[in-house]
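Structure first, then comments.
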Amino acid sequence: MIPLLDLKKQIAPLRQDIDAAIKKVIDNNNFVLGKEVADFENAAARYCRVKYAIGVANGTDAIKLALVALGIKCGDGVICPSFTYFATAGAIASIGALPVFADIDPETYNISAKSIESILKKKKKHNIKAIVPVHLYGQCADMDAILKLAKTHKLKVIEDAAQAFGAEYRGRKAGTIADCGSISFYPGKNLGAFGDAGMVLTNKKSINEEIRILRNQGNKEQYFHTVLGYNSRLDTLQAAVLNVKLSYLDAWNKKRQENARYLSGQLKNLKIKTPYVAEYSTHIYHQYVLRLGSPAKKLIEHLKNKGIDARVYYPVSLHLQKCFKYLGYKKGDFPESESAASHILAIPVYPDLARDEMDYIVKSIKEFLL
Ligand SMILES: Cc1ncc(COP(=O)(O)O)c(C=O)c1O
């Protein structure tokens with residue numbers, strides 16, 4: 001089977017360094033907010049050329065804490081794409097705010113600025129206070145257009161950069177362009193921990209201070225709780241692993257880009273659409289996503305039969321998920337999102353994918369199409 005990601009291959013050459021880093025944490029008994037957390041925060045801030053990087057428990061909490069720090073409250077409306085992982089809208093709903101869904105751009109699969117604009121014209125009743133664009137699959141959303149709308153309507157913006165750590169928007173790192181950026185280091189991400197981990201990026205001092213308090217039970221000083229906070233600290237063991245892996249990230253992302261270029265070259269002039277890269281962003285191919293003119297189900301089945309893992313990220317648009325029924329959306333509300341959910345598929349692109357494996361994937365796709 002050619003999997004969508006092979007972490008064993010990635011970890012093997014780093015194993016000694018990772019084992020030593022984990023041993024150090026155990027030897028020092030420094031499990032909660034240990035030195036490794038601050039070290040990783042500093043390294044990540046340097047890497048992203050951003051003033052502040054705050055380690056939190058996971059990427060979902062990174063969005064949630066950023067929303068709270070920016071003053072979003074129960075009942076406020078927050079615009080996000082209907083085509084993204086559940087956690088984007090889940091984080092919004094978790095603080096009692098209302099996800100207000102927008103459609104996507106059919107080329108990039110990212111939130112459409114036009115769709116946001118039409119929502120802002122129509123939905124005054126929603127008391128919209130923020131936008132959470134997602135840099136889906138590792139490519140940045142159209143941030144200039146989104147920030148312009150946010151400025152006009154006085155909205156906060158949080159970039160959900162869970163899938164795009166290391167990608168760049170007009171020369172700036174994903175997650176550092178708006179008020180805040182949220183990152184996930186879920187094991188399958190381009191930079192993945194050995195469990196759950198996340199981060200908030202910001203250039204604003206007050207937000208940095210607020211998030212540090214919020215992630216640690218609302219403590220500014222131990223046992224003096226100034227606000228209602230959460231237990232959402234980045235685990236020291238995860239920070240130790242991430243410290244080792246961070247220096248490899250650019251090389252891994254480059255390899256993903258090379259693989260994507262090769263796959264796109266081989267799949268040219270066929271009845272299948274290869275990923276589109278907008279001029280304003282780099283793409284770090286967290287996922288390499290193809291689009292068919294018909295439902296992708298059969299091709300996925302065909303590839304599975306050939307021993308190749310292929311999947312749809314994400315098969316059900318969020319406005320049609322049962323858990324969001326209370327928001328009152330219906331089928332047909334976001335045609336581009338719904339169309340993407342049935343016509344796309346992600347195929348392997350991970351850094352250690354071998355050339356002959358890519359050739360086999362291409363051959364198998366051609367067999368289906370021709
Ligand atoms: C777009 C997006 N947002 C948010 C998250 C949530 O991150 P986590 O799983 O670390 O909570 C993820 C990752 O799973 C994601 O892909």
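Only heavy atoms go into these numbers, but all of them, side chains included; no hydrogens, no water, no symmetry mates. Counting starts at 1 for both ligands and their atoms, following the listed order.
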Please assess Phe185 against Lys245 for the test side-chain contact (heavy atoms from CB on, under 4.5 Å), listing each intermediate value before the final yes or no. CA-CA 11 Å; Phe185 300 114; Lys245 285 179 130 195; over 6 Å; no

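- Of all protein heavy atoms, the one closest to atom 3 (N) of ligand 1 is Asp160 OD2, 2.7 Å.
- Closest to atom 15 (C) of ligand 1, if we only count protein heavy atoms, is Ala162 CB, 3.5 Å.
- Contacts between Leu136 and ligand 1, counted as non-hydrogen atom pairs separated by less than 4.0 Å, are absent for every part of the residue.
- The closest approach between Asp196 and ligand 1 stays at or above 4.0 Å for every heavy atom of the residue.
- Annotation: Phe324 is not in aromatic contact with Tyr329 [ring centroid separation under 6.0 Å not met].
- Looking at ligand 1, you won't find any N or O of Tyr186 less than 3.5 Å from one of its N or O atoms.
- Short contacts between ligand 1 and Thr84, defined as distances under 4.0 Å to a heavy atom of the residue, involve ligand atoms 1 (C).
- You'll find the ring centres of Tyr109 and Tyr137 inside the 6.0 Å limit.
- Listed by number with element, the atoms of ligand 1 under 4.0 angstrom from any heavy atom of Ala87 are 4 (C), 5 (C), 6 (C).
- A donor atom on one side chain and an acceptor atom on the other are found under 3.5 Å apart for Thr88 and Asp160.
- Residues Asp103 and Ser115 have side chains that never bring a donor and an acceptor to within less than 3.5 angstrom of each other.
- Between Lys189 and ligand 1, at least one pair of N/O atoms sits closer than 3.5 Å.
- Heavy-atom contacts of Val134 reach the following atoms of ligand 1: 1 (C) (cutoff under 4.0 Å).
- Under the 4.5 Å side-chain heavy-atom criterion for grouping Ile, Leu, Val, Met, Phe, Trp and Tyr, Tyr313 is not connected to Tyr276 through any hydrophobic cluster.
- Ranking protein heavy atoms by distance to atom 16 (O) of ligand 1, first place goes to Gln163 NE2, 2.8 Å.
- Short contacts between ligand 1 and Gly59, defined as distances under 4.0 Å to a heavy atom of the residue, involve ligand atoms 6 (C), 7 (O), 8 (P), 10 (O), 11 (O).
- With respect to Glu168 and Arg49, a salt bridge is recorded, a charged nitrogen being found less than 4.0 Å from a carboxylate O.
- Residues Arg291 and Ser339 bring a donor and an acceptor atom of their side chains to less than 3.5 Å of each other.
- Numbered from 1 in the order shown, with element, the atoms of ligand 1 that lie under 4.0 Å from a heavy atom of Thr60 read 6 (C), 7 (O), 8 (P), 11 (O).
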